[in-house]
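Below, each value reflects all heavy atoms present in this structure, side chains not excepted, and no hydrogens, waters or symmetry copies. Lettering of chains follows the sequences in order, A, B, ..., and the numbering in each one begins at 1.
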Amino acid sequence: MRMSRYFIPTLKEIPSDAQIASHQLMLRAGMIKQAASGIYSWMPLGLRVLQKIERIVHEEQIRAGHLPLLMPTLQPAGLWRESGRYDDYGEEMLRITDRHNRDLVYGPTNEELITDIFRGHVHSYRDLPLTLYHIQWKFRDEIRPRYGVMRGREFLMKDGYNFDVDKPSAIHSYNRHMVSYLRTYQRMGLQAIPMRADTGPIGGSYSHEFLVLADTGESEVYFDSAILDLSFEGRGVDYDSREECARHVDEWTSHYARTDETHDPETFEHEVPASQRRHSRGIEVGQIFYFATKYSAPMGAAVANAKGERVDVHMGSHGIGVSRLVGAIIEASHDDRGIVWPPSVAPFQAGIVNTASGNPMTEAACDRLYRELATSGVEVLYDDRSERAGAKFATMELIGLPWRITVGPRGLKSGQIELVDRKSGLTESFAPDRIAGELRDRLSASGLANAS
RNA sequence: CGGGGCGUGGCGCAGCAUGGUAGCGCGGCGGUUUUGGGAACCGCAGGUCGUUGGUUCAAAUCCAAUCGCCCCGACCA
């Protein structure tokens with residue numbers, strides 16, 4: 001992409017409405033524009049990141065054997081009356097009336113709709129286990145939206161629902177989700193810690209939240225620092241193996257880690273040595289629930305078991321805040337110059353900066369490099385504007401692309417083009433005919449195989 | 001919903017006390033000179049001062065209502 005043909009309305013000054021780094025940076029980098037309180041337009045650059053995250057979530061869900069579908073944003077109120085939540089959910093649920101005076105709700109979540117789909121088509125234990133999920137916009141009329149996309153009213157969420165014949169298989173679904181979530185966050189360069197959590201209005205018997213540690217997080221968290229040493233890097237998983245999934249879950253839940261909702265100071269002090277006790281803040285980027293027959297019983301979602309008896313299915317639900325993750329990743333990865341994208345979610349992998357616009361030699365070198373990278377599948381943003389070098393550097397650093405290729409007349413004369421690592425600031429020089437290859441090597445080293 | 005703050009060009013702000021020509025910086029457009037860390041100069045464009053009503057010869061400024069946005073709190077992916 002040539003920047004002169006793209007649309008990145010950056011801001012030099014910090015918009016006065018933004019309080020936290022991620023919100024400020026998303027506005028300054030031209031990723032989002034507020035339309036109303038808690039409601040945002042996603043500009044081209046922001047959308048690219050959102051879609052990268054979405055794709056990783058899809059890939060990991062599908063890997064775990066879960067099936068994507070797409071349910072509507074508007075839902076009939078009748079289903080919510082049936083489950084009893086039409087009144088229970090409260091003011092947070094946006095209620096709409098259509099021209100025929102029918103009551104609709106803009107879905108804040110989808111337990112009712114998915115249960116309705118299930119009960120209409122699944123009648124036997126032979127069809128189980130089944131996990132359906134989708135990534136769809138939600139609306140929750142929050143009392144006080146804030147922090148940009150971190151607490152919007154409209155937000156993109158992956159929500160999934162598992163249906164199992166009995167509790168042990170529902171627990172396996174729960175474990176499978178925990179593992180798939182750990183893998184998902186790992187791929188985005190995030191450390192998200194599963195913490196025992198309250199079940200809230202979704203209800204149920206148990207639940208974990210996934211938290212990214214950050215000073216600007218809205219949750220207070222208490223945990224054993226030993227959990228910080230765990231990593232899913234490079235682990236393969238057999239999702240069909242109950243034992244293996246349970247083993248991973250045990251490993252990740254054996255250390256004390258709770259939000260303030262479930263925190264118990266006595267247990268904390270009893271279980272965790274003083275030197276390992278941590279108290280900080282965190283951003284909730286996902287949550288998983290097992291709620292047994294809470295929805296299936298009142299809504300009549302039952303199957304025949306192996307003995308021919310009709311039993312209510314055991315369900316769970318699971319959510320990942322896709323749009324919130326954009327903010328959470330920035331909170332976890334930025335510096336005083338701007339965003340530092342983990343390569344897997346960066347809007348472009350690399351940027352090309354011509355430091356001398358109008359110079360035929362550097363322009364020719366940039367054009368050649370741009371074409372070479374683009375045709376070999378590297379997502380590259382070429383800053384071909386006639387700005388001065390300093391302005392281009394500042395823009396590149398603000399929008400946070402992992403690699404910057406700097407082409408200047410001085411270097412070119414001595415046969416050198418620079419490759420700069422956004423995160424470390426490390427600069428290396430290579431011959432013009434080697435630079436694309438060097439970049440591709442680095443991209444594949446960070447697991448981005450589309451570069452080859 | 002309770003408490004606080006703010007609405008003036010795309011962004012950041014001044015002007016309002018004491019009514020009388022709407023201003024500054026950034027950004028944008030054109031030109032000249034520049035060109036490795038958000039360039040300098042010259043010129044230009046862009047604002048019903050959130051909205052409605054009132055007071056007044058005259059309202060960005062005073063009064064009232066209303067809408068919107070932000071912050072603190074209770075709630076939440």
Exercise. Check whether NZ of the Lys or CZ of the Arg A:Arg176 lies under 6.0 Å from the centre of the six-membered ring of A:Tyr239 and within 45 degrees of that ring's axis.
Key: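 No, A:Arg176 and A:Tyr239 do not form such a contact.
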Considering Watson-Crick and G-U wobble pairs with both distances under 3.5 Å, what does [N] pair with?
| N | result |
| --- | --- |
| B:rG27 | none |
| B:rU35 | none |
| B:rG73 | B:rC1 |
| B:rC6 | B:rG68 |
| B:rG53 | B:rC63 |

Let me know the distance between [atom1] of [X] and [atom2] of [N], rounded to the nearest Å.
| X | N | atom1 | atom2 | result |
| --- | --- | --- | --- | --- |
| A:Lys392 | B:rU34 | NZ | P | 18 Å |
| A:Gln19 | B:rG4 | CD | P | 19 Å |
| A:Met93 | B:rC75 | CE | C1' | 15 Å |
| A:Asp336 | B:rG38 | CG | P | 15 Å |
| A:Arg410 | B:rU35 | CZ | P | 12 Å |
| A:Leu398 | B:rG37 | CG | C1' | 14 Å |

Any side-chain N or O of [X] under 4.0 Å from OP1/OP2 of [N]?
| X | N | result |
| --- | --- | --- |
| A:Arg146 | B:rG73 | yes |
| A:Arg388 | B:rU34 | no |
| A:Ser16 | B:rC13 | yes |
| A:Gln34 | B:rC70 | yes |

Whole-Å [atom1] distance, [N] and [M]:
| N | M | atom1 | result |
| --- | --- | --- | --- |
| B:rA22 | B:rA59 | C1' | 13 Å |
| B:rG19 | B:rC62 | P | 9 Å |
| B:rU34 | B:rA39 | C1' | 7 Å |
| B:rG50 | B:rG68 | C1' | 7 Å |

Using a heavy-atom cut-off of 4.0 Å across all strands, would you classify [X] as base, sugar-phosphate, or nothing?
| X | value |
| --- | --- |
| A:Ser386 | nothing |
| A:Ala18 | nothing |
| A:Phe210 | nothing |
| A:Gly152 | base |
| A:Arg153 | nothing |
| A:Ala394 | base |
| A:Arg385 | nothing |
| A:Pro108 | nothing |
| A:Val285 | sugar-phosphate |
| A:Leu325 | nothing |
| A:Gly286 | sugar-phosphate |

Nearest to the side chain of [X], which nucleotide is it out of [options]?
| X | options | result |
| --- | --- | --- |
| A:Arg337 | B:rC75, B:rG37, B:rC11 | B:rG37 |
| A:Phe393 | B:rG37, B:rC72, B:rC70 | B:rG37 |
| A:Ser37 | B:rC11, B:rG38, B:rC70 | B:rC70 |
| A:Ile143 | B:rG28, B:rG38, B:rA74 | B:rA74 |

Taking [X] first and then [Y], would you say they form a salt bridge - that is, a charged N and a carboxylate O separated by under 4.0 Å?
| X | Y | value |
| --- | --- | --- |
| A:Arg196 | A:Asp264 | no |
| A:Glu397 | A:Arg422 | no |
| A:Arg119 | A:Glu82 | yes |
| A:Arg146 | A:Glu218 | yes |

Practice problem: Specify whether A:Tyr185 and A:Phe210 have parallel, tilted or perpendicular ring planes, treating 30° as the upper limit for parallel and 60° as the lower limit for perpendicular. | Solution: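 Geometry flag for A:Phe210 against A:Tyr185: tilted rings.
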Exercise. Measure up the A:His318 and A:His66 rings against each other and bin them: parallel (under 30°), tilted (30 to 60°), perpendicular (over 60°).
Key: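 Parallel: the ring planes of A:His318 and A:His66 meet at under 30°.
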Quiz prompt | Trace of the ring-ring contact (aromatic ring centres under 6.0 Å, His included) decision for A:His23 with A:Tyr147 | solution = CA-CA 6 Å; A:His23 189 194; A:Tyr147 300 155; 8.2 Å; no
Close N or O pairs between protein and nucleotides 23-27 of chain B (under 3.5 Å):
from: B:rG25; atom 1: N2; to: A:Glu13; atom 2: OE1; distance (Å): 2.7
from: B:rG27; atom 1: OP1; to: A:Lys12; atom 2: NZ; distance (Å): 3.2

Quiz item: Does the ring centre of A:Trp80 sit less than 6.0 Å away from the ring centre of A:Tyr89?
Solution: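 Here the rings of A:Trp80 and A:Tyr89 have centres that are less than 6.0 Å from each other.
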Practice problem: Nearest-nucleotide wise, let me know which of A:Ile320 and A:Asp17 is further upstream toward the 5' end of RNA chain B. | Solution: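 Checking each residue's closest nucleotide, the 5'-ward one belongs to A:Asp17.
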Exercise. On RNA chain B, check which nucleotide each of A:Gly319 and A:Thr395 is closest to and give me the residue with the more 5' one.
Key: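 Taking each residue's closest nucleotide, the earlier one in sequence belongs to A:Thr395.
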Quiz item: Is there a donor-acceptor pair under 3.5 Å between the side chain of A:Ser207 and the backbone N or O of A:Ile288?
Solution: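 Yes, the answer is positive, given that a donor and an acceptor are paired below the 3.5 Å cut-off.
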Quiz prompt | Distance-only donor-acceptor test (3.5 Å): side chain A:Glu418, base B:rG36 | solution =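 Donor-acceptor pair under 3.5 Å: yes.
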Quiz item: Is the base of B:rG3 touched by the side chain of A:Arg144 through a donor-acceptor pair closer than 3.5 angstrom?
Solution: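 No.
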Quiz item: Run the salt bridge (Lys or Arg N to Asp or Glu O under 4.0 Å) check on A:Lys158 and A:Glu60 step by step: do they pass?
Solution: CA-CA 12 Å; A:Lys158 172 262 166 184; A:Glu60 290 304 322; over 6 Å; no
